[in-house]
Amino acid sequence: MNLPPNALWIDQDDYDVRGFSHGLYIDGRWRPSSDGRVIGVVDPSSGSVIAAVPDATLDDALAAVDAAAKAATAWRETAPRKRSEILRRCFELMVERSETLAMLISLENGKALRDARGEVAYAAEFFRWNAEEAVRITGEFGTAPSGTNRIVVDYEPIGICVLITPWNFPAAMATRKIAPALAAGCTVILKPASETPLTAYALAALYSEAGVPAGVVNVLTTTSPGPLTSAMLADPRVRKLSFTGSTGVGRTLLGEAAKHVVSCSMELGGNAPFVVFDDADLDAALDGAMIAKMRNAGEACTAANRIYVQSGIHDAFADGLRERMAALKVGPGMSADTECGPMITRKAVDKIDRLVKDAVGRGAKVLCGGSIPEEEGFFYPPTVLSQVSPDADMAHEEIFGPVAPITRFETEAEAVMHANNTEYGLAAYIYTRDVARGLRVASRIEAGMIGLNRGLMSDPAAPFGGVKQSGLGREGGQHHGIAEFMEAKYIAVTF
Ligand code: NAP
């Protein structure tokens, strides 16, 4: 691209984010890429380039590994209380800067400001939670069954971690990895998504201000993620890959990591069913569906991707959902009254359009929305479809957009069968007033997380993650998130 190297500008005077981002963040310093190339950052509400960040080379990536290695010993030997206090300061600074961070997220990702504010609050919580966890890492002490010795188990930082994150939650997906890794005593290299690098760099500036030593967190953006990740994984000092993104890329990375037997955590794609039984509280189910479907305009791995509604409540639910979806205000994320922002790219809009056309071709009825508007930016309107065939492509692929496909069902067994008819297993939602049925169905649905009469389940205090093709490992939760960044060391002791 023909843009000045090592530059960031925002051509919208109202949003001054220049103080945050200067370049690749390696060893506590901002620098351009070694060949001076840059990546343009696009505002999805207009399609225009608003900023540029460096496009890291192989040399830059290896410099980041060197920096993480140089900082590793001092960081792992830093007292847990000290690490905890630094993480706590990261939390406080994020809260102080939350409005600016929210604007930055909204600007580069397109999400509505209210969603961006929610993301900053959620992202900051990972620092607070892990500040509290950092001082509660315990080991084990016992007697061998033979009685000949004692068994001591210590938990040590796993080593240098490569963290790769997607564009849909530019702050939260980074802090959900960085905070537990740092709490465990690891040093990291973060590679954020090319579409949303500004938030990651803004956060990097904040970490150093909070007292995170140089080299403990390194951040680089690149248009060559494959070769750079392969090179970093091939370095024997790198011991962990924590990835959040699509299942396809996750599979590729598992293959790369296998070559060097690098530990992997994989937070991958979803295809969440949202099941509404006849006895559900209708208003609560509609409220829950709006959150589960429309948080981030549907661009969430936990988004309700398939909505199954029992016959007795079906028509009232479909009517209510159409009314609520049609009333949403669509517009640029930065506009104060926007409830549904643009999609991340034109490609994402085209995919949604293809999925809607496929469903309609198989007999679905369009209750609202359903076609690409003629305006600049990457917009798709809130859309409700009914009578969606279980064979429709959207029943098997992530829509990742504001489209709510409804399918009618009759029996509980049928609902469970539909819910499990997918290779994914990240999240699922169940609405019923019968708690026994809710728990029974929750235990039969193959998913890592269930919202029972709730449309939102993400919480740093609970383990986040999926089964089947939705991934490996957990983030957050009591010990779960930190455990991904530690190894058990067993010491047999005779005394
Ligand atoms: P993606 O295309 O898989 O990209 C994710 C990240 O991987 C980006 O940083 C991307 O870099 C990088 N990447 C792409 N190819 C790579 C390669 N060969 N080697 C190393 N890195 C590579 O996913 P996305 O479109 O950004 O995000 C949407 C997906 O993420 C959805 O499937 C969603 O369900 C999933 N997701 C899952 C969770 C969860 O917790 N389970 C949370 C959020 C999102 P570039 O941007 O430079 O291509």
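Indexing begins at 1, ligand by ligand and atom by atom, following the structure's order.
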Handout entry: contact_flag T165 ligand 1 heavy-atom lt 4.0 Å
Key = yes

Exercise for the section: Compare T345, T196, V249 and give the one whose heavy atom is closest to atom 14 (C) of ligand 1. Expected result: V249

Problem - Within-cut-off N or O pair, E398 and ligand 1, under 3.5 Å - result: yes

Practice task
Give yes or no for whether the N/O distance cutoff of 3.5 Å, strictly under, is met between F400 and ligand 1.
Solution key: no

Handout entry: Within-cut-off N or O pair, S470 and ligand 1, under 3.5 Å
Key = no

Practice task
Using a strict 4.0 Å threshold on nitrogen-to-oxygen distance, state whether E484 and K240 make a salt bridge.
Solution key: yes

Completion exercise
protein heavy-atom neighbour closest to atom 42 (C) of ligand 1 works out as C301 SG, 3.1 Å

Completion exercise
Nearest non-hydrogen protein atom to atom 3 (O) of ligand 1, with distance, is S246 OG, 2.6 Å

Handout entry: contact_flag W167 ligand 1 heavy-atom lt 4.0 Å
Key = yes

Problem - contact_flag P192 ligand 1 heavy-atom lt 4.0 Å - result: yes

Problem - Proximal candidate to atom 11 (O) of ligand 1 [heavy atom criterion; set E475, K191, E256] - result: K191

Practice task
May I ask whether T302 has any heavy atom positioned less than 4.0 angstrom from an atom of ligand 1?
Solution key: no

Practice task
Nearest heavy atom to atom 44 (C) of ligand 1 wins, so pick from N168, N271, I344.
Solution key: N168

